[in-house]
Chemist: 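Structure provided below as structure tokens; questions to follow.
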Protein chains: 2
Amino acid sequence: MPDTTPPQVARHGFTPALAERLRALLGDRGMITDPAEMRGYVTEWRGLWTGRSPAILRPASTAECAEAVRLCAEAGVRMVPQAGNTSLVGASVPHEAGDEVVISVGRMNRILDLDPADMTMTVEAGAVLASVQKAAEEAGCLFPLSLGSEGTAQIGGLLGTNAGGNATLRYGNARDLVLGLEVVLPDGRVLDMLRRLRKDNTGYCLRHLFIGAEGTLGIITRAVLKLFPRPSDIQLAFAAVPSVEAALALLNRFQRHDGASLSAFEYMGRFGLELVFRHIPGAADPFGARHEHYCLVELSSPRPDAGLRHGLEAVLEGAYADGLVLDATIAESEAQRASLWRLREEHSEAQKREGASIKNDVSVPVSRVPDLIAQASAACRALIPGVRVCAFGHVGDGNIHFNLSAPEGADGAAFLARWDEVAEAVNGVVRALGGSFSAEHGVGRLKTRTLAAWRAGPELDLMRAIKRTIDPGNLMNPGKVVISA
Amino acid sequence: MPDTTPPQVARHGFTPALAERLRALLGDRGMITDPAEMRGYVTEWRGLWTGRSPAILRPASTAECAEAVRLCAEAGVRMVPQAGNTSLVGASVPHEAGDEVVISVGRMNRILDLDPADMTMTVEAGAVLASVQKAAEEAGCLFPLSLGSEGTAQIGGLLGTNAGGNATLRYGNARDLVLGLEVVLPDGRVLDMLRRLRKDNTGYCLRHLFIGAEGTLGIITRAVLKLFPRPSDIQLAFAAVPSVEAALALLNRFQRHDGASLSAFEYMGRFGLELVFRHIPGAADPFGARHEHYCLVELSSPRPDAGLRHGLEAVLEGAYADGLVLDATIAESEAQRASLWRLREEHSEAQKREGASIKNDVSVPVSRVPDLIAQASAACRALIPGVRVCAFGHVGDGNIHFNLSAPEGADGAAFLARWDEVAEAVNGVVRALGGSFSAEHGVGRLKTRTLAAWRAGPELDLMRAIKRTIDPGNLMNPGKVVISA
């Protein structure tokens, strides 16, 4: 691959003339220049980064979006695509320099088509995940993507970052839920691949390049999503297990029993659960005795007579007899199910209330999860004696949120100052186990250097070559994901 | 995107000096130059294309393959990657000009790793699909990819063409079964993405570019494949239905009943079935009465107690009561299951024995299958009065093999001479329905012009730009899939 410097586009910047043309194109509702109104678009939601921008463009259609991009590209103005702006790695906010225009897809939020025979749904990029889930449900279907930010996150961003979440074990990541895609390229041309075909072998599969590219190759404007039948029977168990190895063995038993009905398998350690008991009102230990390791197991099926309850009990009883399960409880109602899920879902909130914490979104091959937790815990404890390990997450995907709380009584700021050091220690273990430094959250601004280090060689070269090919002016979300050498 | 002519690489051709270096690298077993021995590598298996080649290179490892590619690239010699050579579109054979070296991965056929806890398997590209299936089965797992040529087709080719097959409805296409990939790039560098992670959001997803590229962007040398639990209960029904619409409604009922256990849903029309009864010894009509439309429905689960039989009967009974099913039979033994599957699997053979036939591997959105069959039949009958429509296939994926047999008593050669005309008529219908001219088989040499016509505009431009970026010398499988403007 040629490793040439990208052609330099003359940057006239965001001139009054350009502003006027964009205002004429988008109308007053489609363009924000008032700094107060702009705040939510230029700031990362936790306040970790605050950027600046000459204008927020809010096109109402693909055609408006394409024309806005064309005008900006022509003027050499850099663009930051934005959907729900819930990125955890700074992918969706502009830099501090203030020369990047934000292009928000938030007004393009229609559900264009829902075909229950095809089991597909065509939506605009600004549709909020919760509204997509709801529309599917009303048609008797399921759109399985589900995660904490679903009330705010929009389809364009979820696809742009290849979001994960709780249902990945059964339904895959966001990219696995997409049949067709429409993208506005960095020069303003529209790439229309909005096909709703289950089988289509006609040349290079381009959609997977844009899914997960975090807006650096273009702006996703529409997508054809896959739907699934809606479950009618859901069974949930909370089980105490003697070790992480036992959690894995239990996962494997459920997979072999009926992998197709296993819809979640989550791991939690004792420390995280104790934080939930301590900080979340109403959360209580389901068991009389204290245990060190726990799993949440969910089975679901569209069939009311699939025998899930019987199967759940049978696998748990067999595992109990073999010493893989120490105690278990099965939810008897939807309310009980919700309260057991809360023990898992409130981990982040509980950890936040406990004080300073350092987070690592890592994955390893599923079989190496026990090694990951053991070795990364040892590495962090060697670095910071007394550090409290809060490891939990999607063990069925090999994706562990390996979080750390400051030692009891330690200074929070001093602890947080060691974030990079801790991340490096954890990543060292992850890399040796053949894992990934970013399982779900992506690269954004936060991890560009880690990406460059881990993928150095032909893989990084090829990513850079593709960036140069599709965005030779480096105008689309520059400085994110893949940065120049 | 810049649309520049690719840099011209000086073509010294396959000189004696290069041959000597390759012989030294690969050894006598690794290089074939005897024309008789070369025949199976340079000829398409049905004899539709016969190419020529100065040598067949058969590296025994990724390192050998990479070095052989590097030497050829340096000398400007064009290369045709080849696995099992079962392509139906001429993707895996060299051109007639005789200046392309074939690089066969057939000797790289080891299964390198099988981890039943991860449910992954790492294999070399030359591993035959049947042997991969067998290794998975011996470990209590399932590798679900399954198609007619599985005794010959090799993993490298199956991924290179994103193969489909019978299990796509439940498990997806070949690309959905891959976690990691290793590719030798056109300049001989090795792209190592052999990760076995379920979640990994670290930059552009490159593996999906190479999967389905039919060897035009590099040579797939290894892959990490996903495994699934092996089914223990399998139930199969053969049903007569009043219309294609009813077949679709029945599919939808099975999906809503329990989509996760539905492992096949195939459609057959009366004419194809009659050919099977006529030409395949032992094949007999399961029903006393004649019907016009039929479905084959398979449910499977790793659970022996999943109640599949009961569910199958319940859905069929409900559909019968509502007039969606006219008659049905359920296999009572493995032997009966095999004989019902044969009614579907022998369609190609029966059609061949009947005489001249024209084949179309097309797909449409699932809900448009009835329109496809009705409109394409009308179009073909208008073109060739008396033409006999043999439509069958994976209705659950929207993928219909829309084949045509010559009119009774017609001259076969004259009928076949109208192939392009017929394909154009069928493709016209398919395109209007938002479908694809190649559902499973790919583009190869056969459909490059159709690809260029259907994908003209930004999509084709981007495919070409990617080809130029990764293979600037146009050395890797030139003239296949994406050809220059």
Side-chain angles (χ1 to χ4, degrees), chain A residues 1-2 115 117-118 162 164 173 185 189 191 193 195-206 208-209 212-213 228-229 248 252 255-261 301-303 305 307 311 363 365-367 397-399 436 438-440 442-443 451 455 458-459 462-463 465-466 469 472 481-482, chain B residues 1-2 115 117-118 162 164 173 185 189 191 193 196-206 208-209 212-213 228-229 248 252 255-261 301-303 305 307 311 363 365-367 397-399 434 436 438-440 442-443 451 455 458-459 462-463 465-466 469 472 481-482:
Chain A
M1 277 148 288
D115 188 331
D118 275 346
N162 184 32
N173 296 291
L185 293 171
R189 288 185 304 160
L191 184 60
M193 308 179 297
R195 301 188 279 275
R196 47 184 177 128
L197 300 173
R198 304 268 165 180
K199 283 186 176 170
D200 177 27
N201 280 339
T202 53
Y204 306 152
C205 181
L206 301 177
H208 284 300
L209 258 190
F228 295 83
L248 208 63
N252 210 250
Q255 280 173 324
R256 287 177 185 274
H257 167 71
D258 187 10
S261 70
S301 169
R303 283 174 59 190
D305 62 344
S363 67
V366 178
S367 61
D397 310 315
N399 174 200
S436 169
S438 175
E440 295 189 318
V443 176
L451 178 74
R455 303 289 177 248
E459 190 169 0
L462 186 46
M463 288 188 202
I466 285 171
T469 299
V481 189
V482 175
Chain B
M1 275 148 289
D115 188 330
D118 276 345
N162 184 33
N173 295 292
L185 294 170
R189 287 185 305 160
L191 184 59
M193 309 181 297
R196 47 185 177 129
L197 301 172
R198 304 268 164 181
K199 283 186 176 169
D200 177 29
N201 279 342
T202 54
Y204 307 153
C205 180
L206 301 177
H208 285 299
L209 259 190
F228 295 83
L248 210 61
N252 210 249
Q255 279 174 324
R256 285 175 187 279
H257 168 69
D258 187 10
S261 70
S301 169
R303 281 174 60 190
D305 63 344
S363 67
V366 177
S367 61
D397 311 315
N399 174 201
S436 169
S438 175
E440 295 189 318
V443 176
L451 178 75
R455 303 288 177 250
E459 190 170 358
L462 187 46
M463 288 188 204
I466 284 170
T469 299
V481 188
V482 176

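If you're wondering where the values come from, they're calculated on a predicted model, not measured in any experiment. The sequence lines fix the lettering, A, B, ..., with proteins before strands; numbering per chain opens at 1. Heavy-atom basis, side chains included; hydrogens, waters and symmetry copies ignored.
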Chemist: Could you report the tightest heavy-atom contact between A/R303 and B/H257, atom names first, then the distance?
Modeler: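 Looking at all heavy atoms of both residues, the closest pair is CG-O, 2.7 Å.
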Chemist: With chain A as the partner, which of B/G164, B/G212, B/A260 has the greatest number of non-hydrogen pairs under 4.5 Å?
Modeler: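 Answer, by heavy-atom pair count under 4.5 Å with chain A: B/A260.
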Chemist: Please classify the contact of B/R455 with chain A as side chain, backbone, both or neither, using a heavy-atom distance under 4.5 Å.
Modeler: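 For B/R455, the contact with chain A is made by the side chain alone.
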Chemist: I'd like to know whether B/L206 forms a side chain to side chain contact (heavy atoms under 4.5 Å, CB included) with A/M463, so could you lay out the CA-CA distance, the side-chain angles of the two residues, the decisive distance to 0.1 Å, and finally the verdict.
Modeler: CA-CA 8 Å; B/L206 301 177; A/M463 288 188 202; 4.2 Å; yes
Chemist: Look up atom CG in B/D200 and atom CG in A/D397, then write down how far apart they are to the nearest 0.5 Å.
Modeler: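 With rounding to 0.5 Å, CG (B/D200) is 12.5 Å from CG (A/D397).
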Chemist: Show your working on side chain to side chain contact (heavy atoms under 4.5 Å, CB included) between B/L209 and A/H208 and close with a plain yes or no.
Modeler: CA-CA 8 Å; B/L209 259 190; A/H208 284 300; over 6 Å; no
Chemist: Taking it one step at a time, do B/N201 and A/N173 satisfy side chain to side chain contact (heavy atoms under 4.5 Å, CB included)?
Modeler: CA-CA 10 Å; B/N201 279 342; A/N173 296 291; 5.8 Å; no
Chemist: How far apart are the closest heavy atoms of A/D258 and B/S301, and which atoms are they?
Modeler: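 Heavy atoms only, the tightest pair is OD1-OG, 3.9 Å.
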Chemist: Any idea which heavy atoms bring B/V443 and A/T202 closest together, and the distance?
Modeler: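 So the two residues come closest at CG2-CA, 3.9 Å.
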Chemist: Less than 4.5 Å apart, side chain to side chain, heavy atoms only: is that true for B/P365 and A/L197?
Modeler: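 Answer yes - side chains close enough.
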Chemist: Go through A/R195, A/R198, A/R196 and name the one with the most non-hydrogen pairs under 4.5 angstrom from chain B.
Modeler: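 If we count pairs closer than 4.5 Å to chain B, A/R195 comes out on top.
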Chemist: What I'd like to find out is whether the side chain of B/N162 reaches to under 4.5 Å of the side chain of A/C205, using heavy atoms alone.
Modeler: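 Answer no - side chains too far apart.
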Chemist: Between B/G311, B/S367, B/P229, which shows the greatest number of heavy-atom pairs under 4.5 Å with chain A?
Modeler: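 Among the listed options, the one with the most contacts to chain A is B/S367.
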Chemist: Which one of B/G434, B/A439, B/A213, B/S436 has the most heavy-atom pairs closer than 4.5 Å to chain A?
Modeler: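 It is B/A439.
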Chemist: Less than 4.5 Å to any heavy atom of chain A: does that hold for the side chain of B/D118, its backbone, both, or neither?
Modeler: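 Both backbone and side chain of B/D118 come within 4.5 Å of chain A.
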Chemist: Closest approach of A/S363 and B/K199, non-hydrogen atoms and distance?
Modeler: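 So the minimum-distance heavy-atom pair works out to OG-O, 2.6 Å.
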Chemist: Show the nearest heavy-atom pair for residues A/Q255 and B/A117, with the distance to one decimal.
Modeler: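 The pair with the smallest heavy-atom distance is OE1-O, 4.5 Å.
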Chemist: Show the nearest heavy-atom pair for residues B/L451 and A/G203, with the distance to one decimal.
Modeler: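 It is CD1-N, 4.0 Å.
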